[in-house]
Amino acid sequence: MNTDFKCFVIPDPEEERKKAAEIIRELHPELLESPAQPKAMQRVWQKIAPILIWPKNLILANPAEFHGQNIVTDELVEHSQLTARVISIGSLLNAITNQPILFFAFKDFGNVTAIVSSLILNVLIVKFTNDNGTAVAGRKHGNRAWAMAGAAGMISMSILQSIAAGVGCEAMNNRPELNHLKAALLIEQQTEKLAAMPATTPASEAARQEFETALQQYQTMNRSHPNWNALHVRLFGTWGERDRNWRPVSTENLPLEQRMLRLQQEAAAIKEQTQQRWAEKLAKRHELGDDVLFLAKEMPELFERHFDENYDLRSGTETIRLAAVNLNHKVMQGDIAGLGFPLFFLVLSVVTSGVACWLTIAHALREDTAMSRNDAVGAAINAYLEDLSWAGDD
């Protein structure tokens, strides 16, 4: 039995390539041109891309880390991207509203240092929050405690940032009121200080102690003692001077009792004069109607210690303290209108952070998310693919 075979000649690939190149060169020479500019731009982009991706990964959550690699549906990929965006938006909103409080935390070291330090710290907080969200989304059998720790960190940081958002907004947007509060506090402290000012001076106190020591010695001394008369004269003067007008006598020549009384009267007069001058200044305060300006005019040393040339508080720590106190006072008084922007940013932070935490936990508890991270499912898929490859070889 004869069988005829038809022989097919397989063309040489190299020859075919050359023929195709000649045809293209003749008909479409522009297709063979390879401009140097795109290649150069591509090389530049290859160098720049990693530099641009690094800050992106630093401030944005990576959606690819919100699911595993075993079974990944298009819906899971889409929802992972959505969850990552919500976390990133919540973190960035908190970063914006927290920037003022972080700035004031470093303000005492200078504005440049405060700006740089606060930005670095803010970025680290954003990265910390995003990574905690990623840890929550990475929940699977065997690492639940780790994921719960991430959830606790994310929720705690969200609460802290929400509180800081209100205080920071108050510190940044309501500085004139905070300056007024500080000035009023300083004036009140000065008033209380003068009211509690003792009617004494070091000289009057020394005279009193000297008199009391000599009087105690005099009272324990018998009249028959040879120094009794001399001590009596030193304390009260002679018997003939009992009704004497001591005003013309200089203080150093007075008996101890009269010296003590005179110095006490002078101290009381000094206190009264000081309080009178302060009362006159307080009258000017009401005329000015501005406590910060009052300090600048009437108490320049105290003003320069606490305020700068722009009439703002020098201390960032004090600014934040007063912002927290003022905010708490408004909350206790139910002054909703007075809360204004701080309340808005506080609620905004609570809503965005709360939704981000809730959505992240819900995403981690999804069945398809758990399947994508299930090692048993991954092993089964690998075994199935290996069986298919063996079947194909057969």
Side-chain angles (χ1 to χ4, degrees), residues 56-63 65-67 75-105 118-119 121-139 147-175 177-178 320 323-366 369:
K56 173 187 174 183
N57 293 334
L58 194 62
I59 62 175
L60 299 178
N62 185 0
E65 297 177 347
F66 281 70
H67 57 76
E75 182 183 10
L76 179 59
V77 172
E78 181 182 352
H79 290 178
S80 295
Q81 293 173 345
L82 175 62
T83 304
R85 284 199 302 270
V86 171
I87 293 177
S88 300
I89 291 172
S91 299
L92 291 175
L93 280 175
N94 284 332
I96 294 171
T97 55
N98 291 166
Q99 181 60 29
I101 197 171
L102 295 177
F103 171 79
F104 284 117
S118 60
L119 286 175
L121 181 57
N122 216 349
V123 170
L124 292 177
I125 292 175
V126 170
K127 181 62 175 174
F128 176 83
T129 306
N130 292 343
D131 285 352
N132 275 281
T134 304
V136 176
R139 175 186 177 274
M148 289 176 62
M154 186 178 182
I155 294 172
S156 301
M157 183 59 71
S158 297
I159 294 173
L160 178 61
Q161 287 182 300
S162 296
I163 297 173
V167 176
C169 183
E170 178 74 4
M172 181 61 72
N173 296 324
N174 205 13
R175 298 185 72 178
E177 183 176 351
L178 299 182
I320 294 300
V325 170
N326 197 38
L327 202 61
N328 180 70
H329 176 73
K330 291 178 180 179
V331 171
M332 294 296 101
Q333 296 295 323
D335 184 9
I336 304 300
L339 289 172
F341 279 118
L343 179 62
F344 169 74
F345 283 111
L346 175 63
V347 174
L348 180 64
S349 179
V350 169
V351 171
T352 54
S353 299
V355 170
C357 293
W358 191 0
L359 188 62
T360 304
I361 295 173
H363 180 80
L365 295 176
R366 287 169 53 136
T369 305

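Ser156 places no side-chain N or O within 3.5 Å of a backbone atom of Gly153 that could act as its donor or acceptor partner. With Asn130 contributing its side chain and Ile59 its backbone, the two residues share a donor-acceptor pair below 3.5 Å. Put simply, the side chain of Ser88 gets close to the backbone of Ala61: a donor and an acceptor are under 3.5 Å apart.
The salt bridge (Lys or Arg N to Asp or Glu O under 4.0 Å) pairs that include a residue from residues 147-170 are Glu170-Lys330, where partners are two or more places apart or lie in different chains. Sequence neighbours left out, not one pair with a member in residues 81-100 passes salt bridge (Lys or Arg N to Asp or Glu O under 4.0 Å).
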Step by step, would you call Val331 with Leu343 a side-chain contact (heavy atoms from CB on, under 4.5 Å)?
CA-CA 10 Å; Val331 171; Leu343 179 62; over 6 Å; no

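At a threshold of 4.5 Å between non-hydrogen side-chain atoms, the residues Pro342 and Leu346 do not count as touching. Side-chain contact between Ile320 and Val167 is present, with heavy atoms from C-beta onward closer than 4.5 Å. Leu178 is listed as a side-chain neighbour of Asn326, based on a closest heavy-atom distance under 4.5 Å. A heavy-atom distance below 4.5 Å is found between the side chains of Glu177 and Asn174.
Nearest heavy atom pair, residue Ile87 against residue Gly133, reads CD1-CA, 4.1 Å. The minimum heavy-atom distance between Ser158 and Cys357, with the atom names listed, is OG-SG, 3.6 Å. In terms of heavy-atom proximity, Gln99 sits nearest to Ser118 at NE2-OG, 2.7 Å. For the residue pair Ser91 and Thr129, the shortest heavy atom distance occurs at OG-CG2, 3.5 Å.
Taken to the nearest 0.5 Å, the SG atom of Cys169 stands 11.0 Å off from the CD1 atom of Ile101. Remark: Leu124 CG to Leu119 CG distance equals 11.0 Å, nearest 0.5 Å. Remark: Asp131 CG to Asn62 CG distance equals 10.0 Å, nearest 0.5 Å. Rounded to the nearest 0.5 angstrom, Ile125 CD1 and Leu102 CG are separated by 5.0 Å.
For the 3.5 Å distance criterion, the side chains of Ser349 and Gln161 fail to qualify, holding no donor opposite an acceptor.
Arg366 meets the salt bridge (Lys or Arg N to Asp or Glu O under 4.0 Å) test with Asp368; sequence neighbours excluded. Taking the side-chain contact (heavy atoms from CB on, under 4.5 Å) definition, one finds that Phe128 meets it with Asn132, Met157, sequence neighbours left out. With sequence neighbours left out, Glu78 forms a salt bridge (Lys or Arg N to Asp or Glu O under 4.0 Å) with no residue at all. Considering only residues two or more places apart in sequence or on other chains, Thr97 meets the side-chain contact (heavy atoms from CB on, under 4.5 Å) condition with Asn94, Ala165, Phe345.
A side chain to side chain contact (heavy atoms under 4.5 Å, CB included) with Thr83 holds for exactly one of Thr134, Thr360, Val136; it is Thr360.
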